[in-house]
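Written out below as structure tokens is the structure these notes cover.
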There are 2 protein chains.
Amino acid sequence: MATISDVAEKTGLSKATVSRVINNHPYISKEKRELVYKAMEELGYHPNPSARRLRGQLTNTIGVIVPRIVNPFFSYLVDALEQVAYENNYQVLMFQSDEKKDKELYFLNLLKTKQVDGLIMTSIENDREVIESYTKFGPILLCNEYMSQSDLPVVRVDQMKAAYLGTKHLLDRGYRRIAYCTGGLFVDDGKDKDRNVGFQKALNDYDIQINTSWVFINKHTIEDGKQVMRQIAEMRDRPDAIFTGSDEIAAGVLREAKSLGLNIPEDLAVIGFDDQPIAEMIDPALTTIRQPIKEMGRESVDTLLRLLKNHPLDQTDQELSVELVVRSST
Amino acid sequence: MATISDVAEKTGLSKATVSRVINNHPYISKEKRELVYKAMEELGYHPNPSARRLRGQLTNTIGVIVPRIVNPFFSYLVDALEQVAYENNYQVLMFQSDEKKDKELYFLNLLKTKQVDGLIMTSIENDREVIESYTKFGPILLCNEYMSQSDLPVVRVDQMKAAYLGTKHLLDRGYRRIAYCTGGLFVDDGKDKDRNVGFQKALNDYDIQINTSWVFINKHTIEDGKQVMRQIAEMRDRPDAIFTGSDEIAAGVLREAKSLGLNIPEDLAVIGFDDQPIAEMIDPALTTIRQPIKEMGRESVDTLLRLLKNHPLDQTDQELSVELVVRSST
DNA sequence: TCGTTTTATGAAATCAGTTTCATATTTATC
DNA sequence: GATAAATATGAAACTGATTTCATAAAACGA
């Protein structure tokens, strides 16, 4: 591996000058500049990132925390983030928090030790103060999830509108007995709370009270969806529609409904969230709310890179809009 | 940020001794050792990884190349790899090759610059010689994909047996006119070739010739599956069963069959590959070949860490076995 | 023409660790 | 009790870059 000293020696210049050429400093003569480029080329020289890092330089690496990569929403998000990062010559260090505080902390520490230049968090486990205390080591951007009363920059979709849109759609179709699934640990803040508000608001428009026995919390997976369907089937007083928190839950509901001999949407209308590929594949095809994942990825990386370059942000809170995709499950 | 000098100063020892304590060198007195630990604790000291890296130390980071993370097979694989890596105090730098040679090369170079200690490749784009030339910078392990005539360590499933098992199943059920999908760019080597051989072998057992107009190459996605189904529907001489290269292709086939008013498995039996969650969700549920992803992840990381520690390997080629999961599509 | 900028370069310090070399004690061996 | 080996520690060199400080030459202004 060639080092900067090799380049210096080969050109007869000092390391300082070579370094200046590499970093595009002014006041370098054209001849020397070209001499250095030529030598770098010939030696196959690439600066050692660890050495640069040690001098407090940027690492060209951004960290991304997701709860679980196997959740398709997050794998598509990471895909989008990685593509944009690559276009900008950045690498992505991906990390799964598993929804655990200590794993999240472990990863936040990489910012402290300058392993990553900045961080994109797509979920939040620790308290606001804890996370904000790490901003002194590098920029942190929230993508998808957010915290109110925080001045961290955030890129997200309008969850309230999304939930409102979906619920309104059910109501417009004539359903009045609407069940509701939510992740819901963060009930007092963040995206789940916004969804709750949107759901509530749509029901208010129609003067309908929420039936709390039709509210299911802490639901995420296909298995959860199946279990919800079983619970509903056993109820004497059943809902006629359900707003689920994700396409996966919805898929579980559909699957179990089929096993129980129930018809969708006649016996139960189902609306999903995300518009994952699976939404189109299952039968009946799923009505769902499409999230603009690609745009979220692009906006997030663009914004983080702007922060890294100390460019001013036009806005610290970017809200992207969602879209209702009507298929056959409602 | 506290440095090693701070610890040295606080304990009244030299940096050398502190470093020795950190790295568990022998010949340190118990008192000094504890003194250092105490000071490190109090200062909240963590060694700077860039500095260690610069001295040629390990980075505690392994790189993982996948073609696309949105492919569920790979997101589950990365999940498994990351879990095991975390247990061993390693981070995973994930990278998508997008099946492009230049992206793969870019990532291989991280090994050269010691950004990662070792590499796990779950797909291969460049030639054998190119990839092997990077082993002088750190260990490279192949996981899932492999190259013959290469002495790179590999963790994989017995693809030949897998394809044989699936095809045999179709034949045993009475299907004789069997179509075949493959990724198939690497037709002369690697996992796709093994599958081809397994498929061939099963047909030979029943004295059946392959009908080449029923062979579809370069298929990967749901969309590809739909397209294959459309092609089949237009044939005068149709197959009665199809072996697909992945559950996604199979899902596409099923979906399009439904649109075309065809019945599965009566009009066309379909067998998938991987046993992804979607296999259970679609209708009819998919018969498929289950790959032991968790074990592959564990074996891969364990093996790579052993290589990093210069422990000898019992075997450089680990083959895990697959399992046929019979559902309703055959 | 002389003093002041501007341009161009290099020596040496610096980042935060690890490792080599030297050296001082102990402990073991004959 | 003398010699060899094992234990314990520190000073300084080293990793590969960037940056500061110093300095020389060229360009500029009066």
Side-chain angles (χ1 to χ4, degrees), chain A residues 1-37 39-40 43-61 109-117 137-138 308, chain B residues 1-37 39-40 43-61 109-117 137-138 308:
Chain A
M1 287 301 293
T3 73
I4 198 172
S5 302
D6 298 330
V7 179
E9 197 168 338
K10 187 171 179 118
T11 55
L13 296 166
S14 70
K15 296 193 302 173
T17 303
V18 176
S19 174
R20 290 194 184 99
V21 171
I22 295 169
N23 295 285
N24 268 311
H25 281 235
Y27 307 150
I28 305 276
S29 67
K30 217 158 284 173
E31 321 130 57
K32 307 276 158 92
R33 187 182 299 276
E34 274 154 25
L35 197 64
V36 169
Y37 279 135
M40 294 201 318
L43 290 168
Y45 167 76
H46 290 279
N48 179 317
S50 302
R52 305 184 104 176
R53 220 163 288 196
L54 189 55
R55 282 300 318 232
Q57 288 290 109
L58 297 184
T59 68
N60 274 249
T61 306
N109 274 305
L110 298 188
L111 196 57
K112 206 187 225 170
T113 55
K114 280 273 171 282
Q115 302 252 68
V116 296
D117 297 338
F137 305 114
L308 285 172
Chain B
M1 290 298 296
T3 72
I4 198 171
S5 302
D6 298 331
V7 179
E9 197 169 338
K10 186 167 178 125
T11 54
L13 297 166
S14 68
K15 295 194 303 174
T17 303
V18 175
S19 173
R20 291 194 183 99
V21 171
I22 294 168
N23 294 285
N24 269 311
H25 281 233
Y27 307 150
I28 305 277
S29 67
K30 216 158 285 173
E31 319 129 59
K32 306 276 158 93
R33 185 181 301 276
E34 274 154 23
L35 197 62
V36 170
Y37 280 135
M40 295 198 323
L43 290 168
Y45 167 77
H46 290 280
N48 179 316
S50 302
R52 306 183 103 177
R53 222 164 285 199
L54 189 54
R55 278 306 316 238
Q57 287 291 109
L58 298 185
T59 68
N60 273 248
T61 305
N109 274 305
L110 298 187
L111 196 58
K112 206 187 224 171
T113 54
K114 279 274 169 283
Q115 303 253 65
V116 296
D117 296 337
F137 306 115
L308 285 171

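Side chains included, hydrogens not; waters and symmetry mates left out as well; all remaining heavy atoms used. Since the structure is predicted, the reported quantities are computational estimates derived from the model, not experimental observations. Residue numbering restarts at 1 for every chain, and letters A, B, ... go by the order of the sequence lines.
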Please state whether the phosphate of [N], meaning OP1 or OP2, lies under 4.0 angstrom from any side-chain nitrogen or oxygen of [X].
| X | N | result |
| --- | --- | --- |
| Lys15(A) | dA17(D) | no |
| Thr3(B) | dA16(C) | no |
| Tyr27(A) | dT5(C) | no |
| Ser14(A) | dT9(C) | no |
| Ser29(A) | dT9(C) | yes |

Specify the separation, in whole Å, of atom [atom1] of [X] and atom [atom2] of [N].
| X | N | atom1 | atom2 | answer |
| --- | --- | --- | --- | --- |
| Lys30(B) | dT9(D) | NZ | P | 13 Å |
| Arg20(B) | dT20(C) | CZ | P | 10 Å |
| Leu35(A) | dA8(C) | CG | P | 15 Å |
| Asn23(A) | dT9(C) | CG | P | 16 Å |
| Gln115(A) | dC15(C) | CD | P | 19 Å |
| Lys32(B) | dA24(C) | NZ | P | 16 Å |
| Leu13(A) | dA8(C) | CG | P | 13 Å |
| His25(A) | dT7(C) | NE2 | C1' | 15 Å |

### Task
Give the C-alpha distance, both sets of side-chain angles, the deciding distance and a yes or no for side chain to side chain contact (heavy atoms under 4.5 Å, CB included) between Thr3(B) and Lys15(B).
CA-CA 10 Å; Thr3(B) 72; Lys15(B) 295 194 303 174; over 6 Å; no
Could one point to a donor on the side chain of [X] or the base of [N] with an acceptor on the other under 3.5 Å away?
| X | N | result |
| --- | --- | --- |
| Arg55(B) | dG16(D) | no |
| Arg33(A) | dT9(C) | no |
| Arg53(A) | dT15(D) | no |

Which nucleotide in the list [options] gets nearest to the side chain of [X]?
| X | options | value |
| --- | --- | --- |
| Leu54(A) | dT15(D), dG16(D), dA17(D) | dG16(D) |
| Thr17(A) | dA17(D), dT9(C), dT9(D) | dT9(C) |
| Asn48(A) | dA17(D), dA12(D), dT18(D) | dA17(D) |
| Ala51(A) | dT9(D), dA11(C), dG16(D) | dG16(D) |
| Ile4(B) | dA8(C), dT18(C), dG10(C) | dT18(C) |
| Tyr45(A) | dA13(D), dA11(C), dA17(D) | dA17(D) |

### Message
When you compare the side chain of His46(B) with that of Asn109(A), does any pair of heavy atoms fall below 4.5 Å?
### Response
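No, their side chains stay 4.5 Å or more apart.
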### Query
Do Val18(A) and Lys10(A) come within less than 4.5 Å of each other through their side chains, counting heavy atoms only?
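Val18(A) does not reach Lys10(A) side chain to side chain.
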### Query
For Ser50(A), does its backbone N or O pair with a side-chain atom of Asn48(A) as donor and acceptor, under 3.5 Å?
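Flag set: sc Asn48(A) to bb Ser50(A) pair under 3.5 Å.
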### Task
Verify, without hydrogens or angle tests, whether Thr11(B) (side chain) and Val7(B) (backbone) share a donor-acceptor contact under 3.5 angstrom.
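Pair found, side chain donor or acceptor close to backbone of Val7(B).
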### Pair pattern of DNA chain D in dot-bracket, where unpaired bases get dots and | marks partners in another strand, Watson-Crick or G-U under 3.5 angstrom
||||||||||||||||||||||||||||||
#### Entry: Ala51(B) to Leu54(A) - nearest heavy-atom pair and separation
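Closest pair (atom of Ala51(B), atom of Leu54(A), distance): CB-CD1, 3.8 Å.
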### Message
Let's go through Ile22(A) and Met40(A) carefully: what are the C-alpha distance in whole Å and the side-chain angles of both, what is the deciding distance for side chain to side chain contact (heavy atoms under 4.5 Å, CB included) to 0.1 Å, and is it a yes or a no?
### Response
CA-CA 10 Å; Ile22(A) 295 169; Met40(A) 294 201 318; 3.8 Å; yes
### Check against side chain to side chain contact (heavy atoms under 4.5 Å, CB included), Leu43(B) and Glu9(B)
CA-CA 11 Å; Leu43(B) 290 168; Glu9(B) 197 169 338; over 6 Å; no
